[in-house]
Protein chains: 2
Amino acid sequence: MPPTIKQVAERAGVSMSTVSHVLNGTHFVSPELTQRVLNAVQELDYRLNPVARSLAGGRSGVIGVMIPEVAVSYSGEILRGIDEELASAGYDLLLHTTHNQRVKEPVFVHTLAHGLTEGLLLLLPSDPNAYLAPLHKKNFPYVVIDHQGFDDFSPTVVSTNWRGAFDATQYLIELGHQRIGFVAGASHTSSALERLQGYRAALQQAGIPFDAELVREGYFLRTPSYEAALHLLDLPDPPTAIFTANDVSAFGVIDAIHSRGLHFPDDVSVIGFDDIPEAAAARPALTTVRQQLVEMGRTAVRMLMEYITQPERPMQRVTLGTELIIRESCKPPKNSA
Amino acid sequence: MPPTIKQVAERAGVSMSTVSHVLNGTHFVSPELTQRVLNAVQELDYRLNPVARSLAGGRSGVIGVMIPEVAVSYSGEILRGIDEELASAGYDLLLHTTHNQRVKEPVFVHTLAHGLTEGLLLLLPSDPNAYLAPLHKKNFPYVVIDHQGFDDFSPTVVSTNWRGAFDATQYLIELGHQRIGFVAGASHTSSALERLQGYRAALQQAGIPFDAELVREGYFLRTPSYEAALHLLDLPDPPTAIFTANDVSAFGVIDAIHSRGLHFPDDVSVIGFDDIPEAAAARPALTTVRQQLVEMGRTAVRMLMEYITQPERPMQRVTLGTELIIRESCKPPKNSA
DNA sequence: AATTCTGATCGAAGCGCTTCGATCACATTA
DNA sequence: TAATGTGATCGAAGCGCTTCGATCAGAATT
C-alpha cells in the first residue's frame, strides 16, 4: 500500500497538518520543516491521494467532461483540445458519454458535479435548461461548448456559426449557383439554427428567394443527410449545390449524389462545416467552413480554470471565428459554365 | 448540498449501516426496512457519493484508461468500444493521455492505480515493463490493449498482426507486384514487429527475396511515413506497391506518391492497416487490413470486469482476427498490365 | 521583569461511506 | 422455564486528507 500523509509526518517529525500545508502551500511553514517534509515525501515516494483529498474538501485535480459521443471527429477534435489543455494545467479528465441520449444528461451532470470533479465541461448539451440552473446557483464551475442562447448565465464557447454559414452560401452564390440546398442540423442546437439563418441571410443579400423546399434536416448525421439529399436531388428543380450543417452530413450528401448516378462535384457542388480531418483526406477534398475545434476545447478549459480559481468571476462568452476552406468539392453550376 | 447516507438513515429510521447494506446488497435486510430505505432514497433523490465510497473501501465505479493520444482515429475507435462497454457496465471513465510521452506512463499508472479507479486499461503502452510488475503483484486489475510479448503475466487483447500483414502482402503479390515496400511502425511495439514479420513471411512464401532497402520506419505517423515513402520512391529500383503498418502511414505514403508526380494508385499501389474511418472516406478508397478496433476496446473492458469481480481469475490473452478490405488503392503493376 | 502580541505548529474534528464486531429480540431446544 | 442459538440491525472505527481553532515559544512592548 502506498504511503499516507501520516507516515510522511512521522518521518519528518511534524504533524499531518504541517505536511498538508507544505504540500498545498496553504500556510507558511518554516524553511527547515518544509525541507524535512519534502525530504520525507521524496524518500517515501509519496503522492497525495486525490480521493481522500477530494473528500476532505480539497482539490481533486479532476475535471468532468460530458460529450455526446467519442468517436465522431468533431467531438474527438474538441476533446483533444480539452485534453491537451487540461494536461498542461495538471488536471485529469473524467469522461461521460451520453451516447446521444438526452435523458442521461441530467444524471451525468449530477454525478459529475457531486463527485470528484472540480468543474464541468459540457459539449453540445441537448437539454441544458433542465439541469444547469442548480449548478449555476451553487456556483459550481462549468463551461458549455458549442451551444448557447438557452439561458443568460452559462459561460459558453461557440463559433461564428452565422458568419460561417453566410460565407459558405455566399461562396456558392459567387460560383454562380442559384438553387442552393441546405441540409440542416438538429434543430434543438443553437449552431444548427444559426447556420440556417446565415444561409438564409446570404441568399437574401443576393436577392435569391428562400425556398423551404430546399431545406431538409439531416441531424448532423450521415444517413439522415443522405436521405435528405436524396429528397433534394429528386425535386423537380433540384439544387446545383448543397450546403450542409456539418462535414459528416456532407459525406452523406455525396453518397446520395453518387447513388443518383450524378457526378460529384461536377453536377452538384457540396460544402460542409467543421473541417474535420476526413474533409481534407477525402478525394475530391471537401470544401468546408473550418471551426477551430481544438481551440474551442482549449478555450473552454482555460475559462473553466479561471472560474475554479476565481469563483466570483463574472460570466463570460467566447466566440471563435470560422474560416472558409476552399478545396475541390465546389464547381460553378454546369449550365453557367 | 446533496443528501448523505446519514439523512437517508434518519428518514428511514434505520442505521447508516443498514442503508449501506440495502444499497450494496452486502447483507440481508428485512423487506420492511428495505422498503423504508428505498423510499427515503427516492424521496431525497439520494445518490451514493463515489468519492466517499471509494475512500471507505467500496467500489468507485471508475475505470482508468491510459491512451497515447485521443484524436487519432485508431485510438478513437478503440476508445469508443471501451466507452460503450463501460457505460453498459455502469462504469465511468477516467482518461489519461500520455501525448506519446513515455515518461508519463509510470506516473499515470501509479496515479490511476492508487486513486479512484478499480481497474486500468492500457492502450499501446510503450514501456510496460517499467511499471506493470507491481500492479500485477498487488493483484490490481488491468488489461493491456494492442501490445504483447513484453512479459508473461499481463492480460492482453491484440489483433492477428502477423496474419493481417501476411494477407496484405500476399494480396499485393497476387496482383503481380514483386517490388513491395514496407513502411514499418514504431519498433518498440509488438504490433509493428509482427506486421513486419508477416510481410517477410509472405514474401518468402512467394519466393521473393527480402530486400532491407525496401523497409523504412514510419513510426505509425503521417509525416515520417511520407519521408520514408519518398526514400523508397527515389530508389534506383523503386517499389510498385507499398504496404504500411497503419492507415495513417498510408496517407503519408500517398502524399509522397503525389509529390513525386506519380499517379496513385496506377503507378504505385498502397495498402494500409487498421481500417480507420478515413480509409473508407478517402478517394480512391484505401485498401487495408481491418482490425476490430471497437471490439478490441469492448473485449478489454469485458476482461477487466471479470478480473474485478474475480480477482483470482487466471491471466487471459485474446487475439482478434483481421480482415483484408479490398477497395481502390491497389492495382496490378503497370508493366505487367 | 512582566505582559501582550505574533505567528509557526499542532490536535482533532469531520468529509460520506463501508464493514467488523457487538447487540438484541426472537425462536429453538432440553 | 431456563439455556442456547440464530440472524437482522446497529454502533463505531477508520479510509487519507483538509482545516479550524488551540497552543506555545519567542519577539516586542511597557
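Being a predicted model, the structure only gives us computed values, none of them experimental.
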Spacing of [X] atom [atom1] relative to [N] atom [atom2], expressed in whole Å:
{"X": "B/I5", "N": "D/dA12", "atom1": "CD1", "atom2": "C1'", "value": "14 Å"}
{"X": "B/Q35", "N": "D/dT9", "atom1": "CD", "atom2": "P", "value": "13 Å"}
{"X": "B/Y46", "N": "C/dC17", "atom1": "OH", "atom2": "C1'", "value": "7 Å"}
{"X": "B/F28", "N": "D/dA8", "atom1": "CZ", "atom2": "P", "value": "6 Å"}
{"X": "B/H21", "N": "D/dG11", "atom1": "NE2", "atom2": "C1'", "value": "12 Å"}
{"X": "A/N24", "N": "D/dC17", "atom1": "CG", "atom2": "P", "value": "10 Å"}
{"X": "A/L23", "N": "D/dT19", "atom1": "CG", "atom2": "P", "value": "13 Å"}
{"X": "A/R53", "N": "D/dG16", "atom1": "CZ", "atom2": "C1'", "value": "11 Å"}

Proximity to the side chain of [X] - top-ranked nucleotide from [options]:
{"X": "A/M16", "options": "C/dG11, D/dC17, D/dT9", "value": "D/dC17"}
{"X": "B/H27", "options": "C/dA8, C/dG16, D/dT9", "value": "D/dT9"}
{"X": "B/S30", "options": "C/dC17, D/dT9, D/dC17", "value": "D/dT9"}
{"X": "B/S17", "options": "C/dG16, D/dG11, D/dT19", "value": "D/dG11"}
{"X": "A/T4", "options": "D/dC15, D/dC17, C/dA8", "value": "D/dC17"}

Just to confirm, is there a sub-4.0 Å distance from OP1 or OP2 of [N] to any side-chain nitrogen or oxygen of [X]?
{"X": "A/N49", "N": "D/dC15", "value": "no"}
{"X": "B/T18", "N": "D/dC10", "value": "yes"}
{"X": "A/S20", "N": "D/dT18", "value": "yes"}

> Ignoring hydrogens and angles, are the base of D/dG11 and the side chain of B/S15 linked by a donor-acceptor pair under 3.5 Å?
Replying inline: no

>> For A/F153 and A/H136, take the angle between the two ring planes, folded into 0 to 90°, and tell me which bin it lands in: parallel under 30, tilted 30 to 60, perpendicular over 60.
In response: parallel

> Start at the 5' end of DNA chain D and walk down; is the nucleotide closest to A/T26 or to A/L55 reached first?
Replying inline: A/L55

> Between A/P3 and B/L33, which is nearer to the 5' end of DNA chain D once each is assigned its nearest nucleotide?
Replying inline: B/L33

> In Å, rounded to the nearest 0.5 Å, how long is the span from CG of B/L23 to CG of B/L38?
Replying inline: 7.5 Å

> Which is true for B/V51 with a 4.0 Å heavy-atom rule: it touches a base, it touches only sugar-phosphate, or it touches nothing?
Replying inline: nothing

Less than 4.0 Å between a side-chain N and a carboxylate O, is that true for [Y] and [X]?
{"X": "B/R317", "Y": "B/D151", "result": "yes"}
{"X": "A/E77", "Y": "A/R80", "result": "yes"}
{"X": "B/E32", "Y": "B/R36", "result": "yes"}

